[in-house]
Amino acid sequence: MPSGEYDPETVEANWQERWVDEDLYAFPESAVDPDTVFSIDTPPPTVSGSLHWGHVYGSILQDFVARFKRMRGKEVYYPFGYDDNGIASELLTEDELGIKHQDYERREFQKLCREVTSKYEAEFTEKMQRIGTSIDWNQTYQTISPEVQRVSQLSFVDLYEQDRQYRQRAPAIWCPECETAISQVETEDDEQGSHFHDIEFDVVDSEESFVISTTRPELLPACVSVFVHPDDDENQHLVGQEAEIPIFGQQVPILEDERVDLETGTGLVMCCTFGDQTDIEWYQAHDLPLRIAIDESGTMTDVAGEYSGLSSDEAREEIVADLEDEGALLDKRAITHTVNVHERCGTSVEFLVKDQWYIKLLDKREEYLEAGEEMDWYPEKMFTRYKNWIEGLQWDWAISRQRSSGIPFPVWYCGECEHVVVADREDLPVDPLSDDPPVDTCPECGHDEFVAEDDVFDTWATSSLTPLINAGWDWNPETEEMELERDELYPFDMRPQGHDIISFWLFHTVVKCYEHTGEVPFDSVMINGMVLDENREKMSKSVGNIVSPDEVLDKFPVDAARYWAAGSAVGDDLPYQEKGLVAGEKLIRKLWNASKLVESLTEDAPDEFDHDDLKAIDRWLLASLDREIEFVTEKLDNREFSKARDRLRSFFWHTFCDDYLEIAKQRLREADDPSAAYTLQTVHRRFVRLFAPILAHVTEELWHDMYDGESVHAQSWPEPLGLDADVEAGETAMAVVGALRKYKSDAQLSMNASIDEVEVYGTIDGFEGDISGVMHVDSLTSTDEEPPIESVTSGIDLDYSIVGPEYGSKVPDIEAALAQDDYELVGDELHVAGVELGPDAFEVNEERTYSGEGEFVETEGALVIVKNEN
RNA sequence: GGGCUCGUGGUCUAGUGGUUAUGACGCUUCCCUUACAAGGAAGAGAUCGGUGGUUCGACUCCGCCCGAGCCCA
């Protein structure tokens with residue numbers, strides 16, 4: 001029985017513990033009907049980092065859906081993944097144990113990683129449980145586990161056999177500091193100081209020469225062509241000729257391409273293997289040869305002739321000096337320009353040519369776009385991000401990473417003919433560096449020595465498999481097919497995702513799962529926005545405006561945070577604001593206090609009551625709640641949490657507490673009133689369930705205290721009762737109560753002061769007693785008759801939705817005539833400005849005055865005359 | 001530099017062609033009415049970022065500009 005003040009600190013912790021202990025949210029073990037399953041594929045957070053407020057926000061939104069769907073009769077599959085595979089965990093392990101991963105075999109190092117991260121996993125679990133989500137803690141996985149490694153490698157084998165992957169000598173972005181290849185998304189721009197060198201090039205078989213400005217003279221030996229912009233009239237005549245490279249002497253074609261930047265340098269550009277991204281594009285577009293002058297350690301190769309063996313920095317100095325000697329260096333000046341750097345270490349990247357594995361994307365752009373279209377997007381507008389990403393794709397997806405730790409490619413190459421040997425599925429996971437290939441000799445050439453692939457997968461190659469991990473995707477040796485152990489989960493009903501990572505996490509997941517199963521992995525996607533600080537600015541460590549979950553939850557109940565999280569349209573960014581949480585706290589308190597009152601009033605409430613015997617106001621309240629239920633259900637179905645929350649709060653607070661409860665209280669205290677008691681309890685039970693997905697803890701406490709001892713989260717969602725009621729009379733009655741409150745307020749009377757006499761001109765049939773009871777009216781009469789007041793026509797209001805389309809440009813004339821009172825009312829028609837408007841098109845505005853005894857109050861649907869001696 | 005999203009009282013937010021713009025927080029005044037004063041009642045407060053256009057009519061649609069965020073270069 002709810003009594004005293006609500007104590008969220010104790011109550012919330014208690015329920016969180018019990019929910020986990022009692023496995024309340026456990027997904028059924030046995031196979032279930034896919035039609036009644038609601039499966040969620042949650043993107044696993046990095047556990048080596050700390051749980052931040054953005055995680056909390058995203059998780060709460062997921063939980064709203066999970067709890068709502070559960071009450072709607074679904075078996076909800078709500079798993080949790082710990083992402084501990086990746087550089088962050090590796091660095092953490094090295095730090096904590098004071099080791100270097102290079103000193104260990106991969107498997108050993110991964111084992112150490114698992115040990116270190118398990119501590120962080122436990123911490124993460126605790127924090128996730130503290131926000132009261134209904135995750136099924138029996139359904140968890142670690143991305144570093146051997147099982148997930150197996151899925152990753154199975155994915156590779158499957159895509160390889162489907163010919164969706166290829167290995168190609170291709171440009172790779174290389175970080176010389178980290179000695180690893182990185183993806184395009186791991187680079188960022190940086191302004192750096194450098195020097196422009198103006199170098200003179202001779203045109204072959206001509207007296208002519210031209211000048212190129214370059215920041216990278218050490219790339220002269222790598223030069224394969226010179227480019228001119230198509231709009232560059234001055235240099236147009238050079239196109240088609242050849243240029244001779246100073247010092248090195250190679251002769252290269254002069255070509256035209258619109259990617260030449262006319263603003264920088266001389267408008268003529270040399271293309272090398274590879275100075276920047278544009279060089280790579282030119283290499284691909286113009287089918288240019290490769291001249292690799294710098295290797296991956298930054299050392300000059302044989303291509304550089306006498307400079308070979310020097311570091312690229314040394315080579316630059318010597319080449320510049322030699323150019324000067326030859327008279328080819330015309331000028332050298334300091335500039336700042338934008339370079340590509342590795343986002344982790346800030347080192348400017350190199351472009352190398354390496355053997356890399358790629359997943360094909362470009363050839364199926366249309367299909368992947370259609371896959372995106374097949375999913376329901378909440379909100380819809382976020383689909384454009386997915387669409388734009390696909391339309392802008394210029395590369396296939398490079399999945400090779402030249403790192404010594406990570407999940408290895410299950411591949412060996414023949415030492416003789418480079419034939420690719422892929423591991424057997426039964427043997428996965430394997431590490432080619434430690435394990436033998438599945439064949440003794442090369443099936444192609446019979447050679448018996450193999451070279452292990454030493455690259456590892458890009459972590460996204462694993463992160464993009466979560467639906468398959470959750471659904472138990474594996475090889476069935478009997479049928480020789482890939483199968484889903486838990487077929488009923490797939491495709492997943494919902495995938496939550498932050499809007500900042502739609503382009504790679506979501507996209508890559510769709511692509512991979514689609515290729516593996518032939519099905520789009522998600523029926524729907526729910527996109528969450530970012531959490532901003534109080535000033536609507538992005539949270540960042542460097543600015544120091546990070547909000548930590550512990551800090552917030554020490555101060556506020558979780559339910560208050562949950563109320564706050566429901567406060568914005570899904571997909572929109574949401575500022576963290578304490579007043580939002582304070583508002584939540586107030587609602588929790590209101591719900592608690594109202595429940596105490598309901599409890600005290602409904603001790604004798606009948607479980608059953610013939611709806612035909614309901615009093616008007618009870619019938620009215622139940623019918624009004626029906627409409628609210630329909631609204632709230634629809635909004636939650638559409639992930640419009642904010643609308644559901646606000647409407648429910650407002651109906652509960654104002655209609656139920658302020659209007660109905662005040663009346664019911666009086667009725668029940670004055671006499672036995674089974675109709676009121678029954679209604680009060682019925683409505684209250686419904687409110688507790690309606691609030692349950694959002695205010696998960698306080699509703700649970702109330703349900704247990706007041707009702708059947710089961711969890712509110714295991715109850716079914718309220719269905720409308722389908723009662724008929726005179727809704728209009730009820731609303732008029734409430735408006736009359738409002739008018740009487742206003743009268744008392746204006747007269748500075750207390751709300752329980754009595755009023756002698758009230759006359760209501762309007763329909764309030766059946767509500768008279770309720771009004772007089774709650775407002776302490778000694779004598780209340782109501783009538784449908786015309787009130788004893790004088791009406792003066794004060795103006796005409798047009799209904800523009802009718803007048804506008806009908807009269808178009810004549811509307812201003814009509815308005816002008818009305819403004820000058822130049823019109824005539826003929827019967828139910830309005831004659832104005834030469835047109836005749838029907839009764840639907842306008843409304844006569846009347847000013848009412850009352851000169852009789854007492855005071856006249858006008859309200860929605862009724863006119864009220866108050867006569868009071870006091 | 002490109003794409004997408006957002007801009008509404010002091011603050012947060014609803015509203016996507018119909019003229020009196022929603023609600024909450026805060027503010028002012030009044031009211032201790034036996035669930036709740038962290039409550040109730042009343043009230044003030046917005047030319048809907050700027051500008052130009054389409055339309056009888058624009059917060060809403062279109063162009064440009066400004067500001068913020070995200071992604072990409």
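Numbers restart at 1 for each chain; the letters A, B, ... are given by sequence-line order, proteins then strands.
Taking atom CD1 of A:I502 as the reference point, atom P of B:C72 lies 12 Å away to the nearest angstrom. Following rounding to the nearest Å, A:D658 (CG) and B:A35 (C1') show an atom-to-atom distance of 12 Å. In this structure, the CD1 atom of A:I802 is 18 Å from the P atom of B:G17, given to the nearest Å. When the P atom of B:C71 is taken as reference, atom CG of A:L506 falls 15 Å away, rounded to whole Å. In this structure, A:D533 places its CG atom 11 Å from P of B:G69, rounding to the nearest Å. With rounding to whole Å, A:R645 atom CZ is found 8 Å from B:A24 atom C1'.
Atom CG of A:D554 has more than 12 heavy atoms from other residues, nucleotides or ligands within 6.0 Å.
Within the 4.0 angstrom heavy-atom criterion, base atoms lie near A:K590. When heavy atoms are screened at a 4.0 angstrom cut-off, A:S801 is found touching base atoms of the nucleic acid. Counting non-hydrogen atoms under 4.0 angstrom, A:A753 reaches nothing in the nucleic acid. Among the atoms of the strands shown, none is found under 4.0 Å from any heavy atom of A:G392.
Under a 4.0 Å N-O distance rule, the pair A:R589/A:E5 does not qualify as a salt bridge.
Ranked by how close their nearest RNA chain B nucleotide is to the 5' end, A:A569 and A:T384 are led by A:T384. With RNA chain B read from its 5' end, the first of the two nearest nucleotides for A:Y800 and A:G738 is the one closest to A:Y800.
At a cut-off of 3.5 angstrom, the base of B:C12 holds no donor-acceptor pair with the side chain of A:K579.
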Treat a base pair as Watson-Crick or G-U wobble with both distances under 3.5 Å, then lay out RNA chain B in dot-bracket form, 5' to 3', with | for cross-strand pairs.
((((((((.[[[..)..(....]]].(((((.......))))).....[[[[[..)....]]]]]))))))).
